[in-house]
Structure formats: C-alpha cells, structure tokens
J.: 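Pasting a structure below so you can have a look.
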Amino acid sequence: MKYIMTVLAIIVLITACTMNTTNEKQEPQKSQKRMKKVLFVLTSHDELGNTGEKTGFWIEEFAAPFYTLKDKGIAITLASPKGGQPPIDPKSEGEDAQTPATKRFNDDKETQKLLANTLKLATVNEADYDAIFYPGGHGPLWDLSEDPNSIKLIEAFYNNNKPVASVCHAPAVLKNTKNLDGTPLVKGKNVTGFSNSEEEAVGLTAIVPFLVEDMLKKNQGIYSKVDDWNSHAVKDGLLITGQNPASSEKVAELLLEELQ
C-alpha cells in the first residue's frame, strides 16, 4: 500500500511540474501584442496636367511617415491603383527637398524594392489592416481623388473605427468620400491640407484639377492652416490630416498615438 501511495505521489508531482512548465511557456505568448498593420496608398498618376512635366508622390511625405511607423514596430504594406512602382515626383528628388528621412530612403535598398512592388489597390482588403495612410504629391489630385477602390477603402476604414491619415495634397482623396448618411466625410470635422497660398507659390493653381483647401471647405470641413511651409497637423477623431511636406512626420506621430 505504501508503495502504491508513493507512486501516486510521484505521478501527481510530475504532472504538477509539467503543468507549471507548460504555463510558463504559454505565459509570454499571452503578453505579446499583435503587430499593428498600416496600409500606405500611393498615386499611380505621373502627368502634371498638360504641362508635359512629370509628377507622382513626394518622397519625403512617404519616407518620414514610413520610418516613423516602422521604427516603432508597425508593419507597413504598400499599394497603388496600378500596382508596381508608383511614380516619384522628380522635384522631390532635388537637393532642396532632402531631409534625414529621404537620405535614409536613398540608401535603403530594401524599402526601394518594397516600393517597386506595391500591391494593386483593387486586391486590398480593409479587414487586414489597422489604419490607412496617404502620402502626398500632386498625383493623388488626378487619380486617387476619383478612384472607386480608394473611396470604398477609406469609408470602410472609417466606418470600422480605424484611422484615416493623409498629408499635403493627399487629403484630396477625401473629395468623394461619404459618411453613412451620405454627407461628405469631412463635414463638420477639423481638417487641413495643402493651402491655396502654397499652391500659388509653386505656380500650379491653374494646372491642378482642384485646390485641396477649396475642396475641403466645399465639403464643409473645418479647414485650418498655418503660415506656408510650416508644420501643421490636425486630428479629429479617426481623421488625421497634414498641411504640407513639413507636416508629414507629425501626421505619422498622431497616427501612431491613435494606434497605441
């Protein structure tokens, strides 16, 4: 009888130790947070109206938010209407447009390869991401502002309580987006974007299909701006917008706060 009791005690002890070991192995997994995922949508449009000049996305407005989020452990997926390499605005490659973020991008072959292989926007599913972000450049004024896939995505993100962020000319993507009641998405919301005076300063007021500032006001957004080329970003609930290239990092920081 003593022998049987001893064997039973040993079995109970071994079982308890095994359970403790299993729990110890599982505990760290419970404490791990799921990596947040952000979808970056870039323009596929490269013609600057009828000027014969090229346009596209502005490198700094991609690079600064990309590294701000990536360095905080955010997983980023890139998409564009046509897929593949989105066009880069040649002026954003000029020496006077360089920042620490663009210089980092210029040396970052891995991110350059990622950028060269963006997903086709039509294949993207809102449910796979936690937020959506649009870099600027003049390109979005022509394609993303009217793109049905982009419009549906923005509305899906917003209606599923996920942040929608854009900077400089990219708030143009909000032109045709609607609330569930059919009113403009920006109606009654604090927003910003490339100002009329900044567009005039770059000499493209008569070239662009519409002015971002005018469009946001027409859609009944509460538009604000600061002096030309100074940083200004606005967050109103899930909607985050930035005025110009100098605002791109601030937009990313506001987006990061919303994701945490």
Side-chain angles (χ1 to χ4, degrees), residues 32-45 56-89 92-93 99-137 139-140 143-144 147 149-150 152-158 160-174 233 235 238-242 245 247-260:
Q32 289 179 353
K33 290 184 178 180
R34 182 181 69 83
M35 180 180 285
K36 294 295 179 72
K37 300 177 181 179
V38 175
L39 177 69
F40 274 44
V41 181
L42 299 110
T43 182
S44 291
H45 185 85
F57 76 91
W58 199 261
I59 295 178
E60 200 278 337
E61 294 167 23
F62 163 78
F66 182 89
Y67 293 120
T68 297
L69 295 173
K70 181 183 178 182
D71 290 348
K72 293 296 183 179
I74 304 296
I76 299 170
T77 297
L78 308 182
S80 62
K82 294 181 180 179
Q85 175 70 56
I88 295 173
D89 190 314
S92 72
E93 297 179 303
T99 66
T102 63
K103 292 175 182 177
R104 179 176 173 182
F105 170 76
N106 292 337
D107 294 330
D108 186 351
K109 301 302 180 185
E110 181 181 349
T111 299
Q112 291 173 25
K113 183 177 180 180
L114 188 68
L115 185 64
N117 294 278
T118 65
L119 300 177
K120 271 195 172 183
L121 196 56
T123 68
V124 172
N125 188 340
E126 163 270 325
D128 296 331
Y129 305 95
D130 300 291
I132 189 168
F133 171 74
Y134 288 81
D143 64 350
L144 289 171
D147 187 282
N149 293 307
S150 177
K152 289 177 183 178
L153 270 177
I154 292 171
E155 293 173 347
F157 272 88
Y158 193 84
N160 284 288
N161 203 37
K162 298 177 181 180
V164 175
S166 57
V167 66
C168 198
H169 284 90
V173 303
L174 302 171
K235 178 180 175 298
L238 298 170
L239 202 58
I240 303 169
T241 48
S247 314
S248 56
E249 188 170 338
K250 181 61 177 176
V251 168
E253 290 170 352
L254 291 174
L255 177 56
L256 191 60
E257 288 175 11
E258 187 66 26
L259 288 170
Q260 291 175 339

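Starting from 1, each residue takes its place in the sequence as its number. This is a predicted model, so every value here is computed, not measured.
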J.: Does the side chain of F62 reach to within under 4.5 Å of the side chain of L42, using non-hydrogen atoms?
T.: yes
J.: Does a donor on one side chain sit under 3.5 Å from an acceptor on the other, for D143 and S44?
T.: no
J.: After noting the C-alpha distance and the side-chain angles of F133 and V251, does the key distance pass the side-chain contact (heavy atoms from CB on, under 4.5 Å) rule?
T.: CA-CA 9 Å; F133 171 74; V251 168; 3.9 Å; yes
J.: So which atom in E258 and which in P163 form the shortest heavy-atom distance, rounded to 0.1 Å?
T.: CG-CG, 3.3 Å
J.: Determine the minimum heavy-atom distance between G139 and T43, stating which atoms define it.
T.: C-OG1, 3.3 Å
J.: Apply the side chain to side chain contact (heavy atoms under 4.5 Å, CB included) test between L78 and each candidate in L115, L119, N117; give the one that qualifies.
T.: L115
J.: First locate atom CD1 of I76, then atom CZ of F66, and finally report the distance between them rounded to the nearest 0.5 Å.
T.: 4.5 Å
J.: Report the distance from atom CD of E61 to atom SG of C168, rounding to the nearest 0.5 Å.
T.: 4.0 Å
J.: Roughly how far apart are Q112 CD and Q85 CD, rounded to 0.5 Å?
T.: 9.0 Å
J.: Is the shortest heavy-atom distance from the side chain of I240 to the side chain of V164 under 4.5 Å?
T.: no
J.: Considering non-hydrogen atoms only, spot the tightest contact between A63 and F105 and give its length.
T.: CB-CB, 4.1 Å
J.: Output the distance between atom CG (L121) and atom CG (N149), rounded to the nearest 0.5 Å.
T.: 5.0 Å
J.: When you measure from the side chain of S150 to the backbone N and O of D147, does any donor-acceptor pair fall under 3.5 Å?
T.: no
J.: What I'd like to find out is whether the side chain of L153 reaches to under 4.5 Å of the side chain of N125, using heavy atoms alone.
T.: no
J.: With no hydrogens and no angle check, is any side-chain donor or acceptor of E126 less than 3.5 Å from a backbone partner on F157?
T.: no
J.: Will you find, in the side chains of T68 and E253, an N or O donor that is under 3.5 Å from an N or O acceptor?
T.: no
J.: Does NZ in K250 sit with more than 12 non-hydrogen atoms of other residues, nucleotides or ligands closer than 6.0 Å?
T.: no
J.: If you measure from CG on L255 to NZ on K235, what distance do you get to the nearest 0.5 Å?
T.: 10.0 Å
J.: Stepwise, does the side-chain contact (heavy atoms from CB on, under 4.5 Å) test hold for L259 with V38?
T.: CA-CA 9 Å; L259 288 170; V38 175; 3.6 Å; yes
J.: Is it true that, when you exclude K70 itself, more than 12 heavy atoms of the residues, nucleotides or ligands shown sit nearer than 6.0 Å to its NZ?
T.: yes
J.: Do R104 and D71 meet the salt-bridge criterion of a basic N to acidic O distance under 4.0 Å?
T.: yes
J.: State, to 0.1 Å, how close V167 and S247 come at their nearest heavy-atom pair, and which atoms those are.
T.: CG2-C, 4.1 Å
J.: With no hydrogens and no angle check, do the side chains of D108 and T111 hold a donor and an acceptor under 3.5 Å apart?
T.: yes
J.: Locate the shortest heavy-atom distance separating P135 from P140; write the atom from each residue and the value.
T.: O-CG, 4.0 Å
J.: Using every non-hydrogen atom in the two residues, find where L69 and A252 come nearest and quote the distance to one decimal.
T.: CD2-O, 3.9 Å
J.: Run the numbers on T241 and L174 for side-chain contact (heavy atoms from CB on, under 4.5 Å), then give the verdict.
T.: CA-CA 10 Å; T241 48; L174 302 171; 4.3 Å; yes
J.: Could you check R34, K37, K36 and say which one makes a salt bridge (Lys or Arg N to Asp or Glu O under 4.0 Å) with D130?
T.: R34
J.: Measure the CG-CG distance between L238 and N160 for me, rounded to the nearest 0.5 Å.
T.: 10.5 Å
J.: Can any side-chain N or O of S92 pair as donor or acceptor with the backbone N or O of I59 at less than 3.5 Å?
T.: yes
J.: Please determine whether side-chain contact (heavy atoms from CB on, under 4.5 Å) holds for the pair Y134 and L144, giving the CA-CA distance in whole Å, both sets of side-chain angles, and the decisive distance to 0.1 Å.
T.: CA-CA 9 Å; Y134 288 81; L144 289 171; 3.9 Å; yes
